[in-house]
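So you know, we letter chains A, B, ... as the sequences are listed, proteins then strands, and number each from 1.
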There are 2 protein chains.
Amino acid sequence: MRVKYKVWLVDEEVILGDGGYRLLSLIDKNGSIRQATAEMDISYRQAWGRIRKMEKRYKKPLVETHTGGQSGGGASLTPEAKELVKRYRLFRAEVDKAINDSFQKYFSDL
Amino acid sequence: MRVKYKVWLVDEEVILGDGGYRLLSLIDKNGSIRQATAEMDISYRQAWGRIRKMEKRYKKPLVETHTGGQSGGGASLTPEAKELVKRYRLFRAEVDKAINDSFQKYFSDL
DNA sequence: AGGGGTTATGTTAAAAAATACATAACGAGA
DNA sequence: TCTCGTTATGTATTTTTTAACATAACCCCT
């Protein structure tokens with residue numbers, strides 16, 4: 001027996017969950033939405049929609065983009081997004097440990 | 001901004017989550033699947049399917065039932081189910097506290 | 001014997017979420 | 001000016017999940 005869980009931030013609607021966190025992290029790393037989606041194995045369309053939703057709820061722009069140029073364009077995270085991603089990573093790590101510890105405590109014999 | 005989450009026990013497939021926990025608790029309290037579903041506002045059919053799934057995965061019977069009689073029939077939890085429900089309640093309370101504490105720590109200013 | 005309330009189960013329909021398809025715009029560089 | 005890889009967005013399709021409908025069986029009690 002194991003434990004599974006999902007955790008996400010909301011404000012009326014979803015702001016950020018594990019999927020959004022990973023997407024933002026990969027955009028930061030790759031400098032491109034397209035390349036991030038390739039690494040996550042989701043469609044560009046899907047990623048684009050999620051980013052719009054996140055920004056709509058967070059109320060601040062999270063991803064800055066530009067089109068054209070020899071590289072075709074690119075994307076990067078705003079300072080606010082970088083801060084959010086950083087906090088989420090730390091938060092998520094704590095939650096992960098807490099849940100697994102409690103699970104061991106109560107269900108290790110099952 | 002708030003935090004939301006779901007946590008559930010699995011063994012290949014889902015065993016027990018908040019919905020199953022509540023369902024089992026209400027069956028225990030009411031002595032009837034039908035009455036439990038009325039209180040939870042779900043259909044009998046849905047509850048019945050969930051119970052079957054839980055039992056299939058947990059591998060032990062969780063709900064004992066009997067039909068007929070003046071009251072029409074009834075249901076009760078097996079000792080194993082009572083133990084499981086009890087542990088889940090304690091586990092869930094710990095997780096709840098841990099997540100909310102971490103959330104406060106990292107996002108209280110947002 | 002029949003009524004009443006429950007368990008038991010298959011089948012359908014509806015709603016929601018995820019995925020796929022198609023296409024326009026953009027602009028630096030060749 | 002044409003190409004290339006990217007952003008941007010609407011629309012359609014498929015898959016998954018959830019809810020609804022219909023009906024049989026059971027049996028104590030009157």
Side-chain angles (χ1 to χ4, degrees), chain A residues 4-6 8 10 12-24 26-57 61-78 81, chain B residues 4-8 10 12-57 61-78 81:
Chain A
K4 280 195 176 185
Y5 62 96
K6 292 188 180 190
W8 64 97
V10 301
E12 312 267 322
E13 285 175 32
V14 174
I15 294 178
L16 187 67
D18 280 11
Y21 163 74
R22 182 147 183 245
L23 178 57
L24 292 181
L26 289 177
I27 289 171
D28 193 30
K29 171 187 156 200
N30 292 309
S32 155
I33 297 176
R34 179 73 59 185
Q35 284 176 41
T37 61
E39 199 165 334
M40 277 183 79
D41 199 36
I42 62 173
S43 71
Y44 179 90
R45 185 66 183 78
Q46 189 178 353
W48 182 84
R50 297 186 70 157
I51 292 169
R52 280 287 165 282
K53 263 195 184 174
M54 288 192 276
E55 289 185 330
K56 180 184 164 193
R57 271 299 144 197
L62 295 171
V63 178
E64 283 175 332
T65 62
H66 57 278
T67 65
Q70 70 168 3
S71 69
S76 58
L77 299 191
T78 63
Chain B
K4 280 196 175 184
Y5 61 96
K6 293 188 178 189
V7 52
W8 62 99
V10 301
E12 313 265 324
E13 285 175 33
V14 173
I15 295 178
L16 187 67
D18 280 11
Y21 163 75
R22 182 148 183 244
L23 178 58
L24 293 181
S25 296
L26 289 177
I27 290 171
D28 193 31
K29 171 189 155 198
N30 292 307
S32 155
I33 298 176
R34 179 73 60 186
Q35 284 176 41
T37 61
E39 199 164 335
M40 278 184 78
D41 199 35
I42 62 173
S43 72
Y44 180 90
R45 185 66 182 78
Q46 188 178 354
W48 182 85
R50 297 186 70 157
I51 292 168
R52 280 285 166 282
K53 263 195 184 173
M54 288 192 277
E55 290 184 330
K56 179 183 166 194
R57 270 301 147 198
L62 296 171
V63 178
E64 283 176 331
T65 62
H66 57 278
T67 64
Q70 70 169 2
S71 69
S76 58
L77 299 191
T78 64

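The residue B/G72 sits close to a base: some heavy atom pair falls under 4.0 Å.
With rounding to the nearest 0.5 Å, the separation of CD in B/E64 from CD1 in B/I27 is 12.0 Å. Atoms OG and CD1, on A/S76 and A/I33 in that order, are 9.5 Å from each other to the nearest 0.5 Å. With rounding to the nearest 0.5 angstrom, the CD1 atom of A/I51 is 11.0 Å from the CD atom of A/Q46. Here CG of B/L16 is found 6.0 Å from CG of B/L24. Values are rounded to the nearest 0.5 Å.
The NZ-C1' distance, from B/K56 to C/dA8, rounds to 17 Å in whole Å. Taking atom CZ of B/R52 as the reference point, atom C1' of C/dA8 lies 8 Å away to the nearest angstrom. Remark: P of C/dT9 and CD of B/E55 are 11 Å apart, rounded to the nearest angstrom.
Counting only residues at least two apart or on different chains, the salt bridge (Lys or Arg N to Asp or Glu O under 4.0 Å) pairs with a member in residues 17-31 of chain B are B/D18-B/R92, B/K29-B/E39.
Closest-nucleotide positions on DNA chain C for A/Q70 and B/G74 were compared, and the one nearer the 5' end corresponds to B/G74.
No option in A/L26, A/I42, A/N30 other than A/I42 meets the side chain to side chain contact (heavy atoms under 4.5 Å, CB included) test with A/T37.
A 4.5 Å side-chain heavy-atom check between B/V63 and B/T78 finds every atom pair outside the cut-off.
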*asked:* side chain to side chain contact (heavy atoms under 4.5 Å, CB included) for A/M54 and A/Y21? Distances and angles first, verdict last.
replied: CA-CA 10 Å; A/M54 288 192 276; A/Y21 163 74; over 6 Å; no
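Scanning DNA chain D for stems, defined as runs of 3 or more consecutive Watson-Crick or G-U wobble pairs whose donor-acceptor distances all fall under 3.5 Å, gives the following ranges: C:1-30 with D:1-30.
When the side-chain nitrogen and oxygen atoms of A/T65 are compared with OP1 and OP2 of D/dA8, one or more of them lie within a distance under 4.0 Å.
Shown for residues 27-50 of chain A: residues whose heavy atoms fall under 4.0 angstrom of DNA chain D, namely A/S32, A/I33, A/R34, A/Q35, A/Y44, A/R45, A/W48.
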